[in-house]
Amino acid sequence: MDAKRFHIVLTEPAKIVLITIGTLALLLIGAGDYFASSSLLEFSFFFVLPVCFFTWFLGGKTGLSISILSAAIILGVNLNSPVHEIKHHIAYWNSLVWLAFFSLLTFLIARLKALHIRERELARVNDLTRVASRVAFYEFAEAEINRARRFKLPTTLAYVDLDSFKEVNDRRGHATGDRVLITVAQLMQKNIRDTDVVARMGGDEFALILPNTGKDAARNVLQMLLAGLTRSMRQHRWPVTFSVGAVTFLAPPESVHHMIERADQLMYSVKESGKNNLQQEERAA
């Protein structure tokens, strides 16, 4: 599972908007610094705002460029200031000090952003199985609902429960139980498309979302997946089978919660009728 899959990447239009906002702020602060210098007022500190803005949204390299540009603007303003008419070297010194400050700030903001991204990514990957977490699954499914609504595409969601998993934990220990979960997650991840997502929803329950997949195509995918999982359980001599409920939505439902709730109901219907089976349905909405 690649956590970066759930990392939000800025689109080109979004970047253009951010650059425009940041540039306007830089120009306004530069103008303010120019007029403030004639009144002997210190205004240079406000360049911190565009430096932080560009660094956070567009990266450390961009932030460093803005730091250099901000220091250059401060230098130009100071060289034309009555305070530095005679001693220009003071203006150069002050600009260097500001450049050092802005550069340090850029480094700190870039590191903070990297840590923030890492924490977001870790929250989106289940620690044990390394597939998507419940949080990531909801985010991905929400995006798929919007995409399906926009392009009128079918979407299939499957809910998978491991039958007799508690028996494995009780009789063979939690270490073996963890191996079962890891094996199941890895097999699921390996046997789905790049556009699909598998997530551990909690305990011994997993969910799969298959974008742009109708009922018949979903049945083929799920039956092949279940055959592979069953074969692996037998090879390891683990008494685990799988109860699966799958719903194909021809029209996007109101929410991800509704999708999961219906698939979950089908899965429990399988468990109540003898377990180790797949039950499907197709819904218009």
Salt bridge (charged side-chain N to carboxylate O under 4.0 Å, His left out) filter on Asp127, not counting sequence neighbours, yields none
Applying salt bridge (charged side-chain N to carboxylate O under 4.0 Å, His left out) to Arg171 and not counting sequence neighbours gives Glu167
Counting only heavy atoms not in Arg234, do more than 12 sit closer than 6.0 Å to its CZ atom?
no
ask   = For Arg237, does the CZ atom have more than 12 heavy-atom neighbours from other residues, nucleotides or ligands under 6.0 Å away?
value = no
Q) Where do Lys271 and Asp161 land on the side-chain contact (heavy atoms from CB on, under 4.5 Å) test, with the steps shown first? A) CA-CA 9 Å; Lys271 292 186 78 69; Asp161 182 84; 2.5 Å; yes
Among Ile, Leu, Val, Met, Phe, Trp and Tyr joined by side-chain contacts under 4.5 Å, find the other residues sharing a cluster with [X] and list them by chain and number.
X	result
Phe151	Leu153
Leu108	Leu104, Phe107
Val97	Trp93

Check against side-chain hydrogen bond (donor to acceptor under 3.5 Å, both in side chains), Thr213 and Arg193
CA-CA 11 Å; Thr213 305; Arg193 302 168 300 180; 2.6 Å; yes
Has [X] got a side-chain atom pairing as donor or acceptor with [Y]'s backbone, closer than 3.5 angstrom?
X	Y	result
Arg200	Gly203	yes
Asn191	Leu187	yes
Thr230	Leu226	yes
Lys275	Asp163	no

* To do: Would you please say whether a donor-acceptor pair under 3.5 Å links the side chains of Ser103 and Ser67?
  => no
Heavy atoms of Gly63 and Thr55 approach each other most closely as CA-OG1, 3.1 Å
In terms of heavy-atom contacts, Asn169 and Gly177 come closest through OD1-CA, 3.4 Å
Measuring only between side-chain heavy atoms, which start at C-beta, is [X] closer than 4.5 Å to [Y]?
X	Y	answer
Met267	Phe242	no
Phe102	Ile74	yes
Phe54	Thr106	no

Open item on the list: Is the distance from the ring center of Phe140 to that of Phe137 below 6.0 Å?
Closed with: no
Practice prompt. Look at the aromatic rings of His236 and Trp238 and report parallel, tilted or perpendicular, splitting at 30° and 60°.
Written response: parallel
Hits for side chain to side chain contact (heavy atoms under 4.5 Å, CB included) against Pro154, two or more places apart or cross-chain, chain-then-number order -> Asn212, Thr248, Leu250
(Q) Taking Arg124 first and then Glu139, would you say they form a salt bridge - that is, a charged N and a carboxylate O separated by under 4.0 Å? (A) yes
